[in-house]
Amino acid sequence: MRVDLRAYWHGIILIGAPGAGKGTQAVLLSKALGVIHISSGDLFRENISGGTPLGKLAKSYIDRGDLVPDDVTIGMVKDRLSQPDCAAGFILDGFPRTVPQADALAEVLESLNKRVTVAPYIRVRDTMLLERLTHRWTCRGCGAVFGAMSLPPRDGCKQDVCDGELYRRPDDNPETQRKRIEVYLKNTAPLIDYYRSKGLLEEISGEHTVEHVHRLMMDAIRKSVGLG
Ligand code: AMP
């Protein structure tokens, strides 16, 4: 029996190191489930392109591969979650990245009488992460990511109707890549135990094709709503 997962409210938190495939999987899940995909990194990059005070503040941290301070990041994501397009649920990609951010998220959701429904953790070996980040191209138009697993189209992005230019993210340079993985291990990896202890973690190998990982994700989500 095929169950329409769009009938469910989804509070999905994607956990994984930089290069694990969170952004790619979030786009696919968003289409499959009909809920919004929120990437904290994209929110920062939009603020940087728009020259906002938040963007100016965030840029120095992002360029170094450091985390933007919790109070700034939490405020930005809280504002985004309060918008009407989040009412049906959301897929968070890149947030939370620290335990205080995870606590803040739980508090916001509790005040709305909602909760995180599942936290898929996309596991990928460090050597493969570096390889992927080194070959990563991002679309300026829709944010789609191309790289080691899917060669970039030579004439720009061709996702659906997007025809955006492909570029290399400035923080994908070798020095910043290493720093971001270090920061992940120190600040974000503790979230694996955090969500495991709440019975919300679903560990998924991210070392398969994009389509295979997507199927594993959908199985994990089905399980989280009691259909697994
Ligand atoms: P991403 O696009 O998720 O790789 O994020 C790019 C950069 O934005 C990160 O390296 C951080 O500098 C910053 N950033 C994104 N999300 C967060 C977060 N939840 N907390 C702190 N900094 C973040």
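Atoms within a ligand are numbered from 1 in the order they appear, just like the ligands themselves.
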Looking only at protein heavy atoms, which one is nearest to [atom], and what is the separation?
atom	value
atom 22 (N) of ligand 1	V68 N, 3.0 Å
atom 20 (N) of ligand 1	Q101 NE2, 2.9 Å
atom 16 (N) of ligand 1	S40 OG, 2.8 Å
atom 10 (O) of ligand 1	R180 NE, 3.9 Å
atom 23 (C) of ligand 1	F44 CE1, 3.6 Å
atom 3 (O) of ligand 1	R97 NH1, 3.0 Å

Legend entry - In one Ile/Leu/Val/Met/Phe/Trp/Tyr side-chain cluster, 4.5 Å: L201, L185: yes
Inset, instruction - Below 4.0 angstrom from a heavy atom of T73, which ligand 1 atoms are there? Numbered from 1 as shown, please. - result: 18 (C), 19 (N), 20 (N), 21 (C)
Legend entry - Those atoms of ligand 1 less than 4.0 Å from some heavy atom in G94: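 The atoms of ligand 1 under 4.0 Å from a heavy atom of G94 are 16 (N), 17 (C), 18 (C), 19 (N).
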Legend entry - Cation-pi, Y184 ring and K186 (6.0 angstrom, 45 degrees): no
Inset, instruction - May I ask you to check if R64 and Y61 form a cation-pi contact, with NZ or CZ under 6.0 angstrom from the six-membered ring centre and within 45° of the axis? - result: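 Checked: cation-pi criterion met.
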Using a strict threshold of under 4.0 Å (side-chain N to carboxylate O), is an ion pair present between [Y] and [X]?
X	Y	answer
R196	E203	yes
K223	E202	yes
R80	D85	yes

Legend entry - R45 touching ligand 1 at heavy-atom level, < 4.0 angstrom: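 It does, in that a heavy atom of R45 comes within the 4.0 Å cut-off of ligand 1.
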Legend entry - Plane angle bin for Y8 and H10 - parallel if under 30°, tilted between 30 and 60°, otherwise perpendicular: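 Rings of H10 and Y8: tilted, 30 to 60°.
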Inset, instruction - Check R169 against ligand 1 and report side chain, backbone, both or neither, counting heavy atoms closer than 4.0 Å. - result: side chain
Inset, instruction - Start with the C-alpha gap between I48 and I62, add the side-chain angles, then the distance that decides, and say whether side-chain contact (heavy atoms from CB on, under 4.5 Å) holds. - result: CA-CA 10 Å; I48 292 172; I62 294 177; 3.9 Å; yes
Legend entry - Nearest neighbour of atom 11 (C) of ligand 1 from the list D66, V72, I48, on a heavy-atom basis: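 Considering heavy atoms of D66, V72, I48, the nearest to atom 11 (C) of ligand 1 sits in D66.
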